[in-house]
Amino acid sequence: MNPLVLGGLLAALAGIVLSTLMDGNSLGVLIGPSSFVLVFLGSVGAAVVSFDLADIKRAPGALLRAFKGSAEDNDATITTLVSMAEVARREGLLALEKRVEEIDDPFLAQGLQLLADGVDGDSVHEMLEIDIASLDERHRSMISLFESLGAYAPTFGMMGTVIGLINMLGNLSDPSQLGLGMSLALLTTLYGVLFANLLYLPIASRLKRLNAQELAGRDLALDAMLAIQDGTSPRRLVDRLEAFLPVGQRVGYSARMEGPAPVAEPVATEAA
Amino acid sequence: MNPLVLGGLLAALAGIVLSTLMDGNSLGVLIGPSSFVLVFLGSVGAAVVSFDLADIKRAPGALLRAFKGSAEDNDATITTLVSMAEVARREGLLALEKRVEEIDDPFLAQGLQLLADGVDGDSVHEMLEIDIASLDERHRSMISLFESLGAYAPTFGMMGTVIGLINMLGNLSDPSQLGLGMSLALLTTLYGVLFANLLYLPIASRLKRLNAQELAGRDLALDAMLAIQDGTSPRRLVDRLEAFLPVGQRVGYSARMEGPAPVAEPVATEAA
Amino acid sequence: MNPLVLGGLLAALAGIVLSTLMDGNSLGVLIGPSSFVLVFLGSVGAAVVSFDLADIKRAPGALLRAFKGSAEDNDATITTLVSMAEVARREGLLALEKRVEEIDDPFLAQGLQLLADGVDGDSVHEMLEIDIASLDERHRSMISLFESLGAYAPTFGMMGTVIGLINMLGNLSDPSQLGLGMSLALLTTLYGVLFANLLYLPIASRLKRLNAQELAGRDLALDAMLAIQDGTSPRRLVDRLEAFLPVGQRVGYSARMEGPAPVAEPVATEAA
Amino acid sequence: MNPLVLGGLLAALAGIVLSTLMDGNSLGVLIGPSSFVLVFLGSVGAAVVSFDLADIKRAPGALLRAFKGSAEDNDATITTLVSMAEVARREGLLALEKRVEEIDDPFLAQGLQLLADGVDGDSVHEMLEIDIASLDERHRSMISLFESLGAYAPTFGMMGTVIGLINMLGNLSDPSQLGLGMSLALLTTLYGVLFANLLYLPIASRLKRLNAQELAGRDLALDAMLAIQDGTSPRRLVDRLEAFLPVGQRVGYSARMEGPAPVAEPVATEAA
Amino acid sequence: MNPLVLGGLLAALAGIVLSTLMDGNSLGVLIGPSSFVLVFLGSVGAAVVSFDLADIKRAPGALLRAFKGSAEDNDATITTLVSMAEVARREGLLALEKRVEEIDDPFLAQGLQLLADGVDGDSVHEMLEIDIASLDERHRSMISLFESLGAYAPTFGMMGTVIGLINMLGNLSDPSQLGLGMSLALLTTLYGVLFANLLYLPIASRLKRLNAQELAGRDLALDAMLAIQDGTSPRRLVDRLEAFLPVGQRVGYSARMEGPAPVAEPVATEAA
């Protein structure tokens, strides 16, 4: 699990727990199974109405991915691509075929296979573009699923509070229960806001971020593969691709090509 | 009825019912015909002011469509289009004419008829584009109709609550009625939020989704028909069209052409 | 008056009245001249600060137009344009001059006059485009004026409530007046929300809709007039223009040209 | 001072005063120097953090301009430009030099000077475009400054109310002060909403409007100056420029050129 | 520290303090370590879940930069660029190499080095564009980080208030503690709103502004460097670049080139 995600969640929870204890308040009264049931079923139910089965099936994977995912390593991708450019230059595009198997990232593998097959540049461009666009489309569905959940959760929380208040106000015969009823009613509001702001919305933001990074990585790779097909020299390719990296990571051709050609890890296991 | 829509609605309702019972609250007090009347007439009335008769007539159909509709099957559309490409290749564009009748989807039928009639590519493109644009326009009206309803419902709910409070506060002579009056007043807020979040807004989201899918399917079909007119080989067409499908559904030319040429179901019965 | 607008307003008002009576509440307490004065003067005053005299002078007309306006009849416009194409074809563009007087729609009349005058296509296009753009601009001012009113009304309603509460709370000596004061204070909130959601915002939506339809009608007419200048055959023009209509209204050239050439009603009397 | 701005403000204030008096409430309790101090210092302080010194220095000018400014007179600008076209046609572009001094609008003067200097059309276009863009940029800063103020004011008002409530609730020993404390607390909310909706936001809207008009006027002038350089005939120029005016103001070449050539007033004294 | 930022913060704080004292309220009750803990940990924790380690590491730098940063000096940049154009004209592009060291701004230095190296214009353009785009990307991450914090802070403040109310209402046995409990509960709302409106949101606005200025400065520099490569005369370059300045700063070629060629300060130390 990504330590940042874990750390962030723990910090926010710690803030809630600590401040409650510092005020001499009790955490026990914050446990409300009925509030959990309403906010969870309500938000998930309303979201299910809006999305397709395929989206909903992919949601747990996206959740996992948001918890595990971290920025992809464009650095390694660049090294792989430059070493492939080296191969293509020395041995021809056909020679890429036997290197494709060493590559874990399915997008790179597919693209390099197309180069090895001698498919013309426009077709390579078009096919990989459609691939990138449909990846983006699938990711956006997930992002908007979690944003929907984040919008529905506080609304259902508020509904629970209103239901509680209606019951309490319609039955004022026992004043001693007044405070307790209102306390219980408010709990659902709390759960709705907590679900949205500690889970749904940060997850949606994180998925948005991961998607932007993955798309940028694929654009970079697509750009590089077309350059390889055009016979761009590896040195020039390094200059071009390193412009995408922060200054500190720009090590130049020689540093990159030292030792055995590394193999890029997958740009990101597409779980969503 | 689409099991997802039904399931989602039932889950959200179950959340409300369960949590109310778990808290020992009563569901009976949540029945309020006056609240229903105000929220329903108010939201529908305000929406009627903003839309045309044609839009309003199409609303029940759109509602039905949202409840029944599911993702269209691009897979079958691709098979149909590829088999048409096969026919066009072997027997010429004219031969498409006798196949058009077998096709249920009116958009495909219209497009293939234009090909068979020998209309030039630019005109085919232009006419089908206008068709797609006006479908989109009609769908967007429906989406914005349900979004309007979703925006007006909580506002009218809130108005009902304010009216209830004004009456209650102006008549404090009988304190025993205070709680009851306020309880009744709050019920309208609940109905407004329920209508919006359980019905209007999820329906609007679902229609938006169905529209996006239908447009994508039509763009794919338009693309394919222009390729057929240009004499693209069926094998190449398969490669091109399957790039739009998730990897798992990409079966290739041979698998697709096995057995008798299937006929695509309508891309989506345009009910809205 | 457009029966839809009237019906919608009556339905929403009926919802408010019915639900108030069903709850045994009184409508009399909802009459508050002071609330009306604050919300009306406040929202109009704040809007006047933001807009020009010309906009404000056009506002009553726009209001009327929203109440009366209904979807323009593109069908009749198409028939007129096709009959003009027929004339132009048989007797030349010059012959359009004597037909221009029969046409009520000033936009069509102006465009056809330009054709008859032999103005070149680019100039016709440019001049009519500027005309369309400035119509759009004027309509948008009106839309944003009513949207402003819809945004200011609830805010001034809320101000009135706060002022009422401040007075009530600063003068708690007579507790019997407490409820009455609060009731009166809340009334202004009700008026603000009512003005916005029953009047200003639905009017703004309706004007937006009418504008979209009128612009679409003018784009269609402009398109057709340029085609007439280019000598497009009336039959082809029918095919092209009917693509903009719903399938049910596509009657084809012969049906359209039966009987005496009809004359289009104005695309919409531009009152705003 | 623009009578519309003054009238609008007075109408909104009258609405507040009248409705307060009609309800038998007192205006005296609405005077709260502490509320004024908090809302004013808070909103201005928070805005100062976000903007540059240059922006803040220009704010009073923009305020003044919003109060005085009214729609610029494109009509006069058109007459001036047409008479310049006349001069350029009869006496050559060089002859514009001696007319430049008569022109008050610095933008027109600068542009005509460039024409007289024989600068080529592309450079004139580029330089005046940059001028227009940087004017737009400066105006947008002002608009967003007043929008920021309008967003911060109610927030600081609400903070004041919360601070007042915290003090009141923490000190319930003297119940007779309860109402008064809460009344005072609410006053800051009122000031925040008043500042935003009577001053900051309408001013921002008005500046937005003035900017749009000034930009449109400059685009028209730029367009005309390039046409003058191209040697467009004055009669054609009138036709072209009058298309930007409402139909009622289109008087044609002869009417415009009667009497001595008028001189355009400044397109708008750029005070912001 | 930028006096504007400091002054703005102090003014807003002064507004809060002054108005509290003017109302005879106490500042002491506004000190709430538990509220601070909840709002700070909650907002930071939720933001950490959404962002990458790299972003979070850059946040303190961005905070500092927002406090110190002021509008960059395009004026000095222009003088530097014009003097470089002078050098390039008299001594050739190669001569720029020895001047590069005198330049503090890394972006200018990198660009001029590329010119000296004889890299072709398209490559210079492409490489510097990528540089500008990735700077923009990094800045936008920071802006959206502070906007997230500004959105989460009031939500966590509200959660703290709800938790406080739940505890208070569930434990009404000691009525004397009622006011105190509610007072404490409200404090967290105050902290949430204060953090957002005095710190997070103004910082985000300021960073947005600084980013816009820095990008504009780099676009200007890129434009100028390409013009230098094309051999544009220094006088023409001054005219072109000064169009970006307010009229008052346009001093012309001679004034700029008087005395020894000044050296631009860094366009802005990129700390974020």
Side-chain angles (χ1 to χ4, degrees), chain C residues 32-56 106 110 119 123 126-131 133-134 137-138 141 144 148 151-152 155-156 158-173 178 181 184-185 187-188 191 270, chain D residues 2-16 18-27 29-30 32 66 70-71 154 176 178-187 189-190 193-194 196-199 201-206 208-209 212-213 216 236 239-240 243-247:
Chain C
S34 69
S35 300
F36 178 88
V37 161
L38 173 47
V39 169
F40 182 75
L41 284 183
S43 61
V44 169
V48 162
V49 175
S50 324
F51 288 85
D52 292 327
L53 191 59
D55 296 322
I56 292 157
Q110 183 196 356
V119 177
S123 299
E126 196 184 24
M127 285 161 98
L128 294 181
E129 277 288 7
I130 291 175
D131 224 87
S134 78
E137 172 58 29
R138 283 197 301 282
S141 292
S144 101
S148 284
Y152 284 124
T155 320
F156 278 88
M158 187 267 227
M159 278 187 221
T161 300
V162 173
I163 292 174
L165 289 177
I166 289 173
N167 269 282
M168 185 200 79
L169 290 163
N171 181 19
L172 291 176
S173 52
L178 195 76
L184 205 60
L187 200 54
T188 324
Y191 272 67
E270 190 215 329
Chain D
N2 185 319
L4 269 180
V5 178
L6 192 67
L9 285 176
L10 287 181
L13 281 173
I16 294 173
L18 271 178
S19 81
T20 305
L21 298 179
M22 281 165 85
D23 285 349
N25 283 330
S26 135
L27 287 167
V29 299
L30 301 184
S70 59
S176 71
L178 196 75
L180 215 66
M182 208 159 155
S183 164
L184 205 60
L186 273 178
L187 199 54
T189 286
L190 180 68
V193 181
L194 265 177
N197 290 281
L198 260 190
L199 199 67
L201 295 180
I203 294 275
S205 297
R206 182 150 212 97
K208 210 183 280 179
R209 214 154 179 75
Q213 288 167 345
R236 235 189 110 85
D239 284 348
R240 189 188 176 108
F244 290 97
L245 297 180
V247 177

Handout entry: Residues that C/S50 engages under side-chain hydrogen bond (donor to acceptor under 3.5 Å, both in side chains), provided they are two or more places apart
Key = none

Fill in the blank from the handout: So CD of C/E137 and CD of D/Q213: to nearest 0.5 Å the spacing works out to 8.5 Å

Handout entry: Toward chain C, the part of D/L27 with a non-hydrogen atom under 4.5 Å
Key = neither

Problem - Residue pair D/R240 / C/M127, side-chain heavy-atom distance below 4.5 Å - result: no

Fill in the blank from the handout: From the list D/L194, D/L13, D/V29, D/N25, the residue making the most non-hydrogen contacts under 4.5 Å with chain C is D/N25

Practice task
Sequence neighbours left out, what passes side chain to side chain contact (heavy atoms under 4.5 Å, CB included) with D/L10? Give chain and number order.
Solution key: D/L6

Handout entry: Region of D/L186 that comes under 4.5 Å of a non-hydrogen atom in chain C
Key = both

Handout entry: Residue, of D/L180, D/L190, D/T189, that accumulates the most heavy atom pairs under 4.5 Å with chain C
Key = D/L190

Handout entry: Contacting moiety of C/M158, where chain D heavy atoms sit under 4.5 Å
Key = side chain

Exercise for the section: Please state whether the side chain, the backbone, both or neither of D/L187 comes within less than 4.5 Å of a heavy atom of chain C. Expected result: both

Completion exercise
The interface call for C/F40 against chain D, heavy-atom contacts under 4.5 Å, is neither

Fill in the blank from the handout: Counting heavy-atom pairs under 4.5 angstrom with chain D, the leader among C/V39, C/V48, C/L41, C/V162 is C/L41

Handout entry: Pair C/D55 + D/R209, salt bridge at N-O below 4.0 Å
Key = yes

Practice task
Name the member of C/T188, C/L165, C/T155, C/I56 that forms the most heavy-atom pairs with chain D at distances under 4.5 Å.
Solution key: C/T155

Completion exercise
Turns out that what part of D/T20 lies under 4.5 Å from chain C's heavy atoms comes down to side chain

Handout entry: Flag, side chain of D/N2 to backbone of D/L4, donor-acceptor distance under 3.5 Å
Key = yes

Exercise for the section: Against chain C, label D/L201 side chain, backbone, both or neither, depending on which of its atoms sit under 4.5 Å from a heavy atom there. Expected result: both

Exercise for the section: Taking the side chain as every heavy atom from C-beta outward, state whether C/F51 and C/S144 have any atom pair closer than 4.5 Å. Expected result: yes

Problem - Backbone of C/V44 reached by a side-chain donor or acceptor of C/Y152 within 3.5 Å - result: no

